[in-house]
2 protein chains.
Amino acid sequence: MKDVVIDILKHNQLSITDNRLGILELFQKSSKALSHADIERLSEKHFDRVTIYRTLQTFVDKGIIHTIPTADNSIMYALCKEACSEGHHHDDHVHFLCGQCGTTYCLDNISIPEVNVPKDFIVHQTNVLVNGVCKNCR
Amino acid sequence: MKDVVIDILKHNQLSITDNRLGILELFQKSSKALSHADIERLSEKHFDRVTIYRTLQTFVDKGIIHTIPTADNSIMYALCKEACSEGHHHDDHVHFLCGQCGTTYCLDNISIPEVNVPKDFIVHQTNVLVNGVCKNCR
DNA sequence: ATTAATTTTGCAACAGCGTTGCAAATGAAT
DNA sequence: ATTCATTTGCAACGCTGTTGCAAAATTAAT
Ligand SMILES: [Mn+2]
Ligand SMILES: [Mn+2]
Ligand SMILES: [Zn+2]
Ligand SMILES: [Zn+2]
């Protein structure tokens, strides 16, 4: 586990620190998306708020994690499963938010449908967020 | 114009105040979605931040306007064109955010596509946010 | 038209999220 | 071990949104 995490950091030319190791392990262990608050709560060692923010930003920049826009105006983060790299994200899958347990899932296998916008509009990226009840809560 | 706005307020059993008249007129005039900051800036008379927040919340509750979740974690508001009522919104259209001018559009004619989630998930609502370049900016 | 009851507003205070500057601590390289 | 570059923690700040409460405005009743 720790080896995998170290490899990811090295591969992205990031120095190995307790903070980065800890946060990246949390993502590896979790099947759900995590918020900043989740990470602060779940971390074994205590890390400063600011450090966590900066680490998350670094991971997003490097293409290690991606952000998930939610309807309640909070930012969730999850591992990139596709081959994302610095400045080039390709996380075009559907996200699901369970209204019962609050869990955000990446539905990595479900691709974003085509959306017909007016012909004088140019589409760069489409985000799909599905709200409902997950398999554990029904 | 003002008559229309007054009718909407009366129809929703809201008392007629300068603040509500002003904000509702802004929405009637605008073809774009508006943020709290937009409203504060565009209002002729000065209204307290808190009053604006409360008015927006009231309008959302009454089904006069709906919120639009955006990727950059800010809330946009736009008039409900469909027949929304207190506690029952039916604003299931696609939203488009122009990366150039920052304008958020309601694409009222473009309905939300079906999304195939895993069969043990229950779908309540689907939000689709398209990012790109609008007709005025290309 | 006055008065009374209800609703709305402004102000002050507060909490949460995220950012920045800077000095101390840590990690990487020699 | 020493040096250099990067990361971290702390303090401070700005922005967004919320709450409590008294004053003002609106509505309803007389
Ligand atoms: Mn995802
Ligand atoms: Mn809309
Ligand atoms: Zn659930
Ligand atoms: Zn535009």
Side-chain angles (χ1 to χ4, degrees), chain A residues 2 5-26 33-62 64-77 86 102 104, chain B residues 2 5-26 33-62 64-77 86 102 104:
Chain A
K2 196 160 190 176
V5 169
I6 290 180
D7 280 351
I8 295 175
L9 291 179
K10 282 186 179 168
H11 181 264
N12 286 280
Q13 291 143 351
L14 293 173
S15 45
I16 317 292
T17 69
D18 285 356
N19 174 53
R20 286 172 180 167
L21 287 174
I23 293 180
L24 201 41
E25 274 191 46
L26 285 182
L34 301 174
S35 67
H36 175 276
D38 290 334
I39 292 166
E40 202 166 1
R41 187 168 36 76
L42 293 172
S43 290
E44 309 239 343
K45 288 184 59 173
H46 171 267
F47 296 111
D48 191 78
R49 282 170 359 94
V50 180
T51 303
I52 296 174
Y53 278 117
R54 288 197 266 229
T55 298
L56 290 171
Q57 190 54 54
T58 300
F59 286 176
V60 170
D61 290 344
K62 288 290 187 176
I64 300 173
I65 62 177
H66 62 280
T67 59
I68 305 171
T70 66
D72 75 325
N73 232 39
S74 68
I75 308 179
M76 303 295 292
Y77 302 86
E86 185 151 3
T104 302
Chain B
K2 196 161 187 174
V5 169
I6 290 180
D7 281 351
I8 294 175
L9 292 179
K10 282 186 179 168
H11 181 264
N12 285 280
Q13 292 144 350
L14 294 173
S15 43
I16 318 293
T17 69
D18 285 356
N19 174 53
R20 285 172 181 167
L21 288 174
I23 292 180
L24 200 40
E25 273 190 47
L26 285 182
L34 301 174
S35 67
H36 175 275
D38 291 334
I39 292 166
E40 202 166 0
R41 186 168 37 78
L42 292 172
S43 290
E44 308 238 344
K45 289 184 57 174
H46 172 267
F47 296 111
D48 191 79
R49 280 169 3 92
V50 180
T51 304
I52 296 175
Y53 277 118
R54 288 196 267 230
T55 298
L56 290 171
Q57 189 55 55
T58 301
F59 286 175
V60 170
D61 291 344
K62 289 289 187 176
I64 299 172
I65 62 177
H66 63 279
T67 59
I68 305 171
T70 66
D72 74 325
N73 232 40
S74 68
I75 307 181
M76 302 296 291
Y77 302 86
E86 184 152 4
T104 303

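Here is the naming used below: chain letters follow the sequence lines, and residue numbers restart at 1 for every chain.
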In sequence, state the C-alpha distance, the side-chain angles, and the governing distance for B:Y77 and B:T104, and then conclude on side-chain contact (heavy atoms from CB on, under 4.5 Å). CA-CA 9 Å; B:Y77 302 86; B:T104 303; over 6 Å; no
Find out whether B:R49 and B:Y53 are in side-chain contact, i.e. whether some heavy atom of one side chain is under 4.5 Å from a heavy atom of the other.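 B:R49 reaches B:Y53 side chain to side chain.
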Which nucleotide in [options] has an atom nearest any side-chain atom of [X]:
| X | options | result |
| --- | --- | --- |
| A:V50 | D:dG9, C:dT20, C:dA28 | C:dT20 |
| A:T51 | C:dT19, D:dT8, D:dT26 | D:dT8 |
| B:H36 | D:dG17, C:dA28, C:dA12 | D:dG17 |
| A:S15 | C:dG27, D:dG17, C:dT9 | C:dG27 |
| A:T17 | D:dT27, C:dG27, C:dG18 | C:dG27 |

Return the 5'-most residue of the pair A:R49, A:R54 with respect to DNA chain D, ranking by each residue's nearest nucleotide.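 That would be A:R54.
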Looking only at heavy atoms, what is the nearest atom pair of B:I68 and B:A33, with distance?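 Taking every non-hydrogen atom into account, CD1-CB, 3.7 Å.
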CG of A:D18 versus P of C:dA25: gap in Å, rounded?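 Rounding to the nearest Å, CG of A:D18 and P of C:dA25 are 16 Å apart.
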How many Å lie between NZ on A:K10 and C1' on C:dG27, as a whole number?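 Whole-Å distance recorded here is 13 Å.
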Regarding A:K10 and A:D7, does a basic nitrogen lie under 4.0 Å from an acidic carboxylate oxygen?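 A:D7 and A:K10: not salt-bridged.
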